[in-house]
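Here, residue 1 is the first one in the sequence, and each next residue gets the next number. Counting convention: from 1, in listed order, for ligands and their atoms alike.
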Amino acid sequence: METRATIGVTGLATMGRNLARNIARHGHTVAVHNRTTSRMTSLVEQFGDEGDFVGAETVEDFVAAIEQPRAIIVMVKAGAPTDAVIDELVPLLDEGDILVDAGNAHFADTLRREKALAEKGIHFVGMGVSGGEEGALNGPSIMVGGSDHAYERLAPVVESIAAQVDGTPCAAHLGPDAAGHFVKMVHNGIEYADMQLIAESFDLLRSVLGLEPSEIADVFREWNEGDLESFLIEMTADVLAHTDASTGKPFVDVVGDAAEQKGTGRWTVQSALDLGIPVTGIAEATFARSLSGHTSQRAAVRTTFADLADLDPSTQREVERDAFVDDVRAALYASKIVAYAQGFDQLAAGSKEHGWDLDLGEVATIWRGGCIIRARFLDRIKEAYAAEPGLETLLTAPWFADAIGEGVQAWRRVVAVSAERGVPAPAFASSLAYFDGLRRDRLPAALIQALRDNFGAHTYTRVDREGTFHTDWAGDRSESSTD
Ligand code: 6PG
């Protein structure tokens with residue numbers, strides 16, 4: 001087989017196929033391979049005129065078609081299928097070759113694979129690709145990990161196929177080994193929080209104001225003209241305006257209300273727990289999806305409490321349409337700031353833990369286009385880190401601090417209305433509690449420390465003296481220094 005492809009793509013389901021087409025359309029010769037050959041032949045047949053494809057039926061031919069050092073993108077399901085493809089390819093590779101996992105792998109798997117393949121002289125790259133099918137074809141956001149050697153080889157392809165914002169590609173080498181997959185995981189966690197906040201906004205506007213989905217679509221369309229402008233807000237307007245063809249009902253009303261998840265949100269929360277970072281917005285979003293799936297439990301509770309007289313309209317504050325719509329907008333914006341602040345905290349903590357030296361401003365830069373959470377907002381985050389690279393939290397960056405200051409009363413009103421009317425808004429409420437928690441002069445954590453010392457002699461510190469102490473709770477209650 002003639003060695004002429006710049007890069008190879010194996011795994012030609014929708015994402016892999018679109019990525020290969022995107023690469024070819026940008027003038028790079030791409031070798032394509034799939035375990036079931038028909039996917040490869042149909043790609044070349046249907047889209048062969050879009051660029052230069054080298055179709056390979058066997059793994060051997062595929063590897064032989066790629067220029068050395070070889071660069072191969074693997075786009076298969078995360079987990080065991082990825083390991084299987086790696087195991088098949090590795091014996092055919094040479095030292096210095098580059099193997100790129102572009103799926104949604106768990107970063108711990110990427111750490112493991114990178115280490116194992118480095119011993120064989122193969123550069124393993126975890127590459128997060130966001131933007132769904134459309135993004136893969138027309139310009140995704142690409143979060144690249146792995147070695148400098150690997151990125152040098154990949155950069156011309158990766159940077160040309162990525163989305164571009166203001167002439168800057170939404171692709172970057174973020175750090176070694178699993179940095180790219182870690183950043184993609186947190187991206188997805190933020191995606192969960194963003195969608196949950198949008199869903200809560202929709203529920204409040206509908207349940208409190210009685211607006212129809214098509215009217216709420218107009219509200220979202222209007223919001224998309226301002227600071228909330230983003231891909232997900234725009235898409236929400238589109239989905240809410242859609243009518244189901246077979247029933248004539250709003251489409252959103254015929255969709256089952258148990259949300260699925262493939263796992264990246266859960267991974268984000270699990271990692272945050274390990275790192276000790278309170279990502280409450282992402283966690284609430286993940287748990288809200290779980291709750292939605294507990295349909296029999298939901299039915300049992302709904303039945304048991306059907307006649308509970310806790311939602312008495314006479315005790316509920318009155319709301320006026322335009323004012324409430326604007327309150328929800330402000331609450332959504334403030335809660336979104338919290339979700340991103342938490343996500344970026346997790347990025348900083350992960351970077352420290354794993355020695356990735358992530359540039360948070362660069363992450364914001366490559367999330368401005370191509371990815372699911374792309375938003376005007378990301379420009380503000382980029383600016384915040386440019387002005388102050390060591391920023392303690394995004395909440396204190398001037399733009400965001402002002403936005404929270406302006407929106408905080410509305411945020412409180414929305415959370416109060418949701419509680420009074422029994423419309424669950426867990427992400428709104430927990431984001432507000434997070435903000436209030438950080439803001440508080442003294443937290444009741446002091447009492448928790450006292451209790452821990454009482455039942456388990458776990459010791460405590462004092463506000464007025466250095467050191468650690470224990471009180472003899474069962475005895476004479478004298479205090480001793482434990483240093
Ligand atoms: C992206 C998306 C993409 C996918 C998620 C959906 O950035 O392009 O995040 O990765 O849509 O895997 O995840 P859930 O199935 O967990 O919602």
- Item | Phe182-Trp356 aromatic ring centre distance below 6.0 Å | yes

Does NZ or CZ of Arg380 lie under 6.0 Å from the centre of the six-membered ring of Trp399, at an angle within 45° of the ring axis? yes

*Is any side-chain heavy atom of Phe53 less than 4.5 Å from a side-chain heavy atom of Arg21?*
yes

Looking only at non-hydrogen atoms, the one of Glu191, His187, Gln261, Glu134 nearest atom 9 (O) of ligand 1 is Glu191

Taking only non-hydrogen atoms of Gly263 and a 4.0 Å limit, the atoms of ligand 1 in range are 16 (O)

Distance-only, no hydrogens or angles: does the Arg374 side chain make a donor-acceptor pair with backbone N or O of Cys371 under 3.5 Å? yes

A student comparing Arg289, Arg374, Lys262 should find that the heavy atom closest to atom 17 (O) of ligand 1 comes from Arg289

task = Taking the six-membered ring for Trp and the single ring otherwise, decide whether the centroids of His181 and Phe107 are under 6.0 Å apart.
result = no

> Is it the case that more than 12 heavy atoms not belonging to Arg221 sit under 6.0 Å from its CZ atom?
Replying inline: yes

**Asked** What do you reckon, does Gly131 put a non-hydrogen atom under 4.0 Å from ligand 1?
**Response** yes

Q: Run the contact test for Gly265 against ligand 1 with a 4.0 Å cut-off on heavy atoms, strictly below, and give the result.
A: no

Taking only non-hydrogen atoms of Gly132 and a 4.0 Å limit, the atoms of ligand 1 in range are 8 (O)

Notebook entry, point to check: Would you say Glu260 and ligand 1 have an N/O pair spaced under 3.5 Å apart?
Noted result: no

*Hey, does Ile372 come in under 3.5 Å of ligand 1, counting only N/O atoms on both sides?*
no

Looking only at protein heavy atoms, what sits closest to atom 16 (O) of ligand 1 is Tyr192 OH, 2.4 Å

protein heavy-atom neighbour closest to atom 7 (O) of ligand 1 works out as Ser130 OG, 2.4 Å

Practice task
Return a yes/no value for Asn188: is any of its N or O atoms, backbone included, closer than 3.5 angstrom to an N or O of ligand 1?
Solution key: yes

Are the ring centres of Phe400 and Tyr340 closer than 6.0 Å? no

**Report entry** Centroid-centroid distance, Tyr385 to Phe344, less than 6.0 Å
**Finding:** yes

Heavy-atom proximity to atom 12 (O) of ligand 1, picking from Asn104, Val129, Ile373, Thr286, points to Asn104

